[in-house]
Structures are given as structure tokens and as C-alpha cells.
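Per chain, numbering begins at 1; letters A, B, ... match sequence-line order.
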2 protein chains.
Amino acid sequence: MDRCLTRERILDAAERLFAEQGFAAASMRAITHEAGVNLAAVNYHFVTKEKLLIEVVRRRVVPINRERLERLDRLETEARGRPVPVEAVLTAFVAPVFALRTGEPGGGHFPRLLGRLYGEPAESLTRFYEEEFGEMMRRFAATLQRSIPGLEPSGVFWGLTLATGMLCHILMAGDRLGLCTAGVCRADDAEEITQHVVRFAVAGLTSSAASARQEVSKTRGRRATTSPGRAPRIRKRTGR
Amino acid sequence: MDRCLTRERILDAAERLFAEQGFAAASMRAITHEAGVNLAAVNYHFVTKEKLLIEVVRRRVVPINRERLERLDRLETEARGRPVPVEAVLTAFVAPVFALRTGEPGGGHFPRLLGRLYGEPAESLTRFYEEEFGEMMRRFAATLQRSIPGLEPSGVFWGLTLATGMLCHILMAGDRLGLCTAGVCRADDAEEITQHVVRFAVAGLTSSAASARQEVSKTRGRRATTSPGRAPRIRKRTGR
DNA sequence: GTTTCATTCATACGTTCGTTTGAATTTGGC
DNA sequence: GCCAAATTCAAACGAACGTATGAATGAAAC
């Protein structure tokens, strides 16, 4: 059997089973059986189960975060020094997660795994997170900061965190998403999910900025509510 | 040892370990050791590991959802037929999750478990979800529907789902929350978390309603964007 | 004091776990 | 065709898993 083929088959099978059952519950025997390879092949190619998980995740996360940053670069280039529209920034953050769902052949299982990852206690994953997500998050935060006047740094990170939360929750819930929502919400339409998440994040960030501004200028007699502020001026809705 | 004491000690220990390590990774031996009880006590009191999980969850979820509904009832009574303010509804949805964190002595671990639950593949949990969350979600959806003029049913459920997602993600991330956010976001201030999540959900729902309204009346020459609309002027549009 | 019933206990059952081993097999360079 | 390295294989390792069992223990009921 081709050398690279076994590796890839293991990664595919592990991705599917990790996503469906979680790291601890997916046994190496189930993975290798699903992949149609020998049990010892995993230890030969990946040494350990935990390192296999890291590799499964890395294979998808690296391209996703690369595309996120590429989109962000493109937006900043187009903006030519002016602030980038908030919606565009958030779309660049959200959309790449779903890119491989339709693209890759067996990539449909990864979003669910991605959603589940934050809960996994493997400490090597924690390190992996900081390495793979840290800089990307900081770059998006910096861009967002300039996109929304009046938004403080903590507001930006909360926005990105909450956006990630919405994303992960939908991804993780999978088919069960419709259970508590009378079948209204489904997790199979990437376009719709992206649209909803981006809308919420844009509105939330804008609202945070508005209430922060109001906090500053509360001596002025403007009406004080916690409701979202005006629409941010987004002209050309740059979706990709 | 007191009869009820053993049960409670097992529930506490299981809650902590399930939250920290996940269902599959937390062994019965670790749980009973942590609880300081005999291994067989779990099977005596709960029959099976999966039923133990259900009981751990039920102990916290039932009071939480009861308080959610009580708050909602109170709001509707106060509103006397008028729509309930959106922010109040969402606060009633979010805040009770954190109530036991400060209240109960060992309850600090449950939010993280709650966040993790959506990923657990135990099929008995799926049934449990529909039973414990289904009606509550529908009641909140119905109230929200009347609170935000122009919001369609799917928008309401998406809002509640995304709000749940933000909540679960923060809860699940626990101490790791600050990792990718330059230490800005922390998961230990219930007040702050509630405030952020509610703000985002209010803004998002309002924005959804605004874009839905605009969709309807797009023949009129008003400016069309997908950005969030004004704050909803909750007028007394009597419903029901 | 004896009976009764609920609870706790030490121990063992049969599986399954992640990993290792060493021999077989395939592969690629000469 | 041959050697050496890379890969696959069947089999087994010790440990840990969830659960079951039957005897010990405790506290009320009589």
C-alpha cells in the first residue's frame, strides 16, 4: 500500500470518529478498522493517539487560518489605509471554516470536530491553540479595532470570542441543532450560517462600541440605552 | 455514612470530572476516588455511568430552566400584555446559568460541563435535551417574537441558538478563554459574561428583524444595507 | 435481642484500551 | 537480483475500563 495513502486514510477515519464520538471515546481500533489499516499503523505514523489528534486538526486548521489571513490581507490592501468594513472582516473570519466542507471530499466532519476541540482536555492542544490561533486572532482584532470607531480592545476580543462561540456551537451541534429549535435551525447551509453569525457579530460589536461611546460621553444629555447603535456604514458588501 | 451523602458526593465528584475531562475520559474509579466512596456505590445508586451523567446534568439543568421560566413569567406579568423588552427576555435566558456558580458550594464546575454537553454523543442525552430544553426554548421564542416587531420565527430560533452558542463556548473554554485573546476575556465574571452575551444577542436579533423588515419593504426607496438597524422602539404593539 | 432492609465494602469478572514487538513484506537505489 | 530502508502485519503486553457479586455493616422495627 502506498506510503502516503495509509497516513491519509488514518487521518480521514480519525477525523470522522473524533468528530462523532470525541477524542477519548474514539478508540484506535475503531479508527484503524474504519481506515482499513493495521492497528499498529497509527503508532508507526503518528507515534501516539494524542499526536494523531494534533495532526488531524493541523491538517485542516492551518489552511483555514491561512485563508482567513489571506482574505484579511486582501481587504486591507483594497481598503488602502482606510478602515475595513466590519462585515467584511467578520466574513473573512467566519467563511473559511466552511470552505472545505464543500471542497474537500471527506472534509465534512471537521467543522464538528473543530467545534468540539475547545472542550478537549489534551494539554498539547492548548499549546497548539496558542500557536495556530493566537497571531491570527490578534491580527483580526487589530483590524477590527480600526474598523469600529470607539470600540475598546476588550470589546474586540469579546466579539471575536463570541463569534467563535456561535460558530463552534453550530458546528458541534450538527444534526442535533434542529432539536430544540423546532427544526428551524439547520447546520448544513454554510451560506446561511455564515450570514447569521456575521450579522450577530457585526451588530454586537457595533452595539458594544455604541455603549462604550455613550459611557464616555454620558455627561452630554443624549438618550442612554443599551440597544445597538446606528448601522455601520457598509457600502459594498464584500462577500469574498 | 449517611445515605444521601454518598449520592451527593458522587454527583459532585462526577460533575467536576465530567466537566474537566469529558464523559468518556472520566473513569468511575477516578470519580469514586474523588468522592471518597466505594467503586460499587455508583452502580448501586445510579446503575450505570451514563445514567449518572444524566443525573448530574438534571440536578442543575432543572433548576436553571425553572428559574428561566419563572423570570419569563414575571416579565410577562409585569408587561401586562405589552411586549417584553428584548434585553430583559435575554437576560432571563442567560443569567440563570450563572446563578449557581456563586450560590452552590461546588457548583462552579457545572457551566463548563453544560458547555461541553452538546458535543457528547450519548444518545440518552439527546432525548434529555428535547425534554428539558424544548418547551423552554419555545416559550422564549414565542415571547421574543412579540418583543421584536418584524422578526420572523426562524430569526428568533437562530438568535436563541447563537446566544446558547456564545454561552456554551465561554463556559466550556473556562480558564483557557484568555489564551487566544491576549488575556482580555475571562470566564470568571458572571456579570460581565451575561452583559456581553445579552448585548450581542439583542443587537443580533434587532439586526435580523431590521433586515427582514427591509426585505419586505424593499420597494420603498430606503437605504438598503445588511447592517444592524436602529434600536427597536418597543412600542405597545399588543399581541396575543 | 433479633429481624429486616438498605447501604457499603473488597474483590473479581470479562472487555477493551493504547502501545509494543519482531517477523514478514514492500519499496527504491545500485 | 540484491541489499537496505521503509512499511505492514499478527500477536501480545500490561493496564484500565464498566459492571457484577456476595459478604460485611449499619440503623431502624418489632
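If you measure from atom CZ of B/R9 to atom C1' of C/dT8, you get 13 Å, rounded to the nearest angstrom. D/dG18 atom P lies 15 Å from atom CG of B/N38, rounded to whole Å. The NE2 atom of B/H33 sits 15 Å away from the C1' atom of C/dA10 (whole-angstrom rounding). Straight-line distance from the CG atom of B/L52 to the P atom of D/dT19: 10 Å, rounded to whole Å. In this structure, the OH atom of B/Y44 is 13 Å from the C1' atom of D/dT25, given to the nearest Å. Between the CZ atom of A/R7 and the P atom of C/dT27 there is a distance of 19 Å, rounded to whole Å. Rounded to whole Å, atom C1' of D/dG22 lies 15 Å from atom CG of B/N43. To the nearest angstrom, C1' of D/dG26 lies 15 Å from CG of B/L5.
Of all non-hydrogen atoms in A/Q145 and A/P153, the two that sit nearest each other are OE1-CA, 3.5 Å. Here the closest heavy-atom approach between residue A/A92 and residue A/R68 is recorded as O-CG, 3.4 Å.
Taking only side-chain nitrogens and oxygens, A/H45 comes nearer than 4.0 Å to OP1 or OP2 of D/dT8. Contact between the side-chain N/O atoms of A/T6 and the OP1/OP2 oxygens of D/dT7 is not found at any separation under 4.0 Å. Put simply, A/T48 has no side-chain N or O that comes within less than 4.0 Å of OP1 or OP2 on C/dG18.
Distance from the side chain of A/A40 is smallest to C/dT21 among C/dT21, D/dT19, C/dT8.
Listed by residue number, A/R29 are the residues of residues 19-31 of chain A with a heavy-atom contact under 4.0 Å to DNA chain D.
Summarising the geometry, atom OG1 belonging to A/T161 is positioned 9.5 Å from atom NE2 belonging to B/H196; distances are rounded to the nearest 0.5 Å.
Screening B/E132, B/E55, B/E15 against B/R60 for a salt bridge (charged side-chain N to carboxylate O under 4.0 Å, His left out) leaves a single residue, B/E15. Under the side-chain contact (heavy atoms from CB on, under 4.5 Å) rule, A/V86 has a single partner from A/T143, A/T91, A/I148, which is A/I148.
Side-chain contact between A/F93 and A/R71 is absent, with no heavy-atom pair separated by less than 4.5 Å.
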remark   = Given Watson-Crick and G-U pairs under 3.5 Å, DNA chain C in dot-bracket ([ ] crossing, | other strand) is |||||||||||||||||||||||||||..|
key: Working for side-chain contact (heavy atoms from CB on, under 4.5 Å), residues B/V42 and B/K49   = CA-CA 8 Å; B/V42 171; B/K49 188 187 180 186; 6.0 Å; no
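Looking at B/T32, its side chain never comes within 3.5 Å of a backbone N or O of B/N38 through a donor-acceptor pair.
Note on residues 8-28 of chain B: pairs passing ring-ring contact (aromatic ring centres under 6.0 Å, His included), not counting sequence neighbours, are B/F18-B/F23.
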